[in-house]
Amino acid sequence: MYPTVAEVLALPVLRHGRPHVVAGAAGLDAPVRWAHVAEVADIAHLLRGGELVLTTGVALPDDGPALARYVADLAGVGAAGVVVELVRHWSDRLPAALVEAADEHGLPLVTLSRETRFVSVTEAVNGQIVDAQVAELRAAERVHETFTALTVAGAEPGVVLGEVARLTEQPAVLETLSHEVLAYDAAGTDPAELLTGWPARSRVVQVGERTGYHPGSGWLVTVVGARGHDWGRLIVVCADQPPHRHRVVAERAASALAVHRLVAKDTDGLERQAHRAVLTELLASPAPTAELLARASALAVPLTGRQLVGLAVRPRLTGTSRPALSTPPVLRELAEATVLAARRAKVSALVGTDDLGVRALIALSREANAEAVLHRLATDVHEARGSAPGVLAVGTTVTSPAEARRTLSEASQVAAAALGTGVERVVHRLSDVRLRGLLHLLSGDERVTAFAARELGPLLQRDATSGSRLVQALRHYCEQGGNKSAAAAAAHTSRTAYYQQLARIEQVLGVRLEEPETMLSLYVALLAWDLTRTSEEDSPGRAAQ
């Protein structure tokens with residue numbers, strides 16, 4: 001808002017007087033709050049600080065101690081500098097005592113070798129200051145209008161930070177009080193460079209007030225929270241001391257973020273949103289970028305040099321009923337149980353929700369016993385979800401971020417397969433779900449779907465048109481390994497009636513069920529058909545119906 005001493009000296013009205021800095025050059029960056037003409041020696045007690053004092057020197061003493069005291073008094077009240085016209089009192093040079101005192105106190109001392117109209121100087125300098133103040137007020141009003149509109153619209157944190165970056169032209173980062181990055185806008189800079197090592201860098205930055213500038217880091221920090229509950233910090237990265245307008249931007253943005261959190265209390269928390277975004281990109285990226293790795297590290301989950309294990313948690317289906325997995329409270333409860341279990345196991349983890357439950361990536365040290373850690377974590381999740389037991393599945397343990405996609409996908413596929421087995425395990429792995437797991441791995445292959453339709457199509461059509469239950473009868477037969485008596489008992493049907501159903505199945509399909517390959521093919525087709533049916537039921541379109 002205020003020009004510096006150097007900038008004032010560069011004004012045409014002062015350049016005409018041929019200004020020359022004779023002492024205190026180190027203070028030329030000091031801001032000038034006002035230009036003040038003072039032809040008295042005892043002026044310091046009338047100043048408020050930041051004034052550039054203009055004088056001809058006619059009222060200043062000639063003895064050294066008095067001149068030193070004059071400079072000391074001005075420096076003591078924070079004057080920006082002194083400009084002396086060498087025309088009336090001193091025509092050649094200033095007294096050595098005056099120069100030495102100015103150097104000692106770092107107070108800029110400037111001489112003008114030509115007669116200068118001080119009224120023109122004060123008009124130019126003070127007019128510039130007033131214009132800057134008016135511009136600052138107008139900018140502050142625009143900031144207020146911008147963030148009021150964002151608050152009313154319930155803007156997401158990413159949008160708010162985008163406005164911060166636009167208005168300040170500096171990178172902006174929103175973090176938790178644990179120094180995990182929730183959102184950011186790099187303002188055109190390299191995101192990886194901005195986020196690398198973030199938690200460690202952030203921990204050492206403390207400003208001791210709700211909004212403050214930390215010169216060592218070049219961070220403008222504002223605490224974010226509402227109703228006496230602080231939950232994060234908004235940081236604007238600026239190498240130089242920020243202007244007052246930037247502080248206003250940071251504080252108004254912090255208010256918008258706090259209001260958004262209060263209003264959006266029924267949705268995923270910002271932490272889960274940040275974790276979910278990274279997990280989604282890991283699944284979509286064959287090779288994680290440096291920025292993505294930096295984002296994970298900024299969430300206190302470093303992925304390099306670690307053992308990585310994908311994890312999926314799904315509530316178990318009960319009979320034919322399917323829990324309302326799209327309900328936010330259910331998803332939050334499941335996610336928080338997983339987060340708490342990871343903390344108790346003392347491991348870092350990316351934990352986010354998807355349409356069916358929780359997806360997570362566990363990052364372990366190279367020396368950690370992955371089996372023991374996962375067993376403890378799974379046990380804690382099951383205990384936390386005692387009222388609604390679920391399936392917890394893991395993928396293969398990998399050692400490279402490039403393989404994170406694989407272990408995450410495997411975990412989801414194992415969880416989906418395990419839900420249909422009815423087998424209770426603390427942790428489900430790919431080896432546990434066997435054939436069903438293989439079919440889940442191939443769930444996106446159209447050839448599997450075509451195989452199921454080809455094998456079961458006539459039987460499905462007969463059930464649909466006649467109301468028979470031949471497909472269910474075939475399922476019991478396959479699940480009992482071809483034991484007709486056991487299959488009839490499982491179907492709660494008399495042997496005679498059940499044998500008739502088997503004969504009808506053979507007639508419709510044109511096969512002999514006693515042939516091992518025929519029974520195997522039909523059982524695989526049934527499992528594949530179940531998988532197709534489950535995928536349709538879990539699809540967003542079907543859920544909306």
Side-chain angles (χ1 to χ4, degrees), residues 314-323 356 389-393 413-443 445 447-538:
R314 303 283 187 267
R316 182 177 289 285
L317 304 179
T318 304
T320 59
S321 65
R322 183 176 299 274
L356 300 175
V391 165
L392 189 147
Q413 292 156 351
V414 171
L419 281 172
T421 64
V423 177
E424 296 290 346
R425 284 189 174 89
V426 176
V427 180
H428 291 263
R429 293 176 172 79
L430 191 59
S431 59
D432 298 326
V433 292
R434 309 181 73 180
L435 176 58
R436 195 182 298 270
L438 174 62
L439 290 174
H440 274 274
L441 288 173
L442 300 174
S443 60
D445 195 320
R447 291 170 294 183
V448 175
T449 303
F451 168 77
R454 184 171 62 250
E455 291 288 311
L456 300 175
L459 212 58
L460 292 168
Q461 186 176 2
R462 171 63 70 88
D463 280 356
T465 57
S466 66
S468 59
R469 297 175 59 83
L470 298 181
V471 171
Q472 190 61 28
L474 177 62
R475 186 187 303 280
H476 289 304
Y477 180 78
C478 293
E479 289 177 348
Q480 299 303 321
N483 186 323
K484 296 180 181 179
S485 298
H492 303 290
T493 306
S494 68
R495 291 186 183 182
T496 302
Y498 185 72
Y499 293 167
Q500 291 176 350
Q501 286 181 315
L502 292 182
R504 196 168 297 114
I505 290 171
E506 289 182 329
Q507 180 185 11
V508 171
L509 295 180
V511 299
R512 293 187 59 192
L513 294 177
E514 290 83 0
E515 294 178 355
E517 185 174 343
T518 296
M519 186 177 69
L520 175 60
S521 293
L522 290 172
Y523 187 47
V524 171
L526 283 169
L527 293 177
W529 182 62
D530 289 343
L531 176 61
T532 302
R533 216 172 28 155
T534 300
S535 299
E536 290 176 352
E537 291 174 359
D538 290 337

Visitor: How far apart are the closest heavy atoms of Y498 and A473, and which atoms are they?
Guide: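 Nearest pair, atom of Y498 first, then A473: OH-O, 2.8 Å.
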Visitor: Determine the minimum heavy-atom distance between D463 and V471, stating which atoms define it.
Guide: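 Heavy atoms of D463 and V471 come nearest at OD2-N, 3.0 Å.
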Visitor: Just by distance, do the side chain of Y499 and the backbone of K484 share a donor-acceptor pair under 3.5 Å?
Guide: no
Visitor: Do you know the tightest heavy-atom contact between Q501 and L470?
Guide: O-CD2, 4.0 Å
Visitor: If you define the side chain from C-beta out and look only at heavy atoms, does anything of T518 sit under 4.5 Å from L509?
Guide: no
Visitor: With a 4.5 Å cut-off on side-chain heavy atoms, are R469 and H476 touching?
Guide: no
Visitor: Test side-chain contact (heavy atoms from CB on, under 4.5 Å) on Q500 and T496 and set out the steps.
Guide: CA-CA 6 Å; Q500 291 176 350; T496 302; 4.1 Å; yes
Visitor: Of the non-hydrogen atoms in V391 and A418, which two are nearest, and what is the gap between them?
Guide: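 So the minimum-distance heavy-atom pair works out to CG1-CB, 3.7 Å.
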Visitor: Looking at A490 and Q480, what are the two nearest heavy atoms and their distance?
Guide: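 Nearest pair, atom of A490 first, then Q480: CB-NE2, 4.0 Å.
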Visitor: Rounded to the nearest 0.5 Å, what separation is found between the CG atom of L459 and the CD atom of Q472?
Guide: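 If we round to the nearest 0.5 Å, L459:CG and Q472:CD are 11.0 Å apart.
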Visitor: Checking the side chain of T493 only, and the main-chain atoms of A491 only, is there a donor and an acceptor separated by less than 3.5 Å?
Guide: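 It does hold such a pair.
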Visitor: From L526 CG over to L474 CG, what is the distance, rounded to the nearest 0.5 angstrom?
Guide: 5.0 Å
Visitor: Between CZ of R512 and CD1 of I505, what distance do you get to the nearest 0.5 Å?
Guide: 15.5 Å
Visitor: Quick check: are there more than 12 heavy atoms from other residues, nucleotides or ligands sitting under 6.0 Å from CD of E515?
Guide: yes
Visitor: Give the minimum heavy-atom separation between L522 and E455, together with the two atoms involved.
Guide: CD2-OE1, 3.8 Å
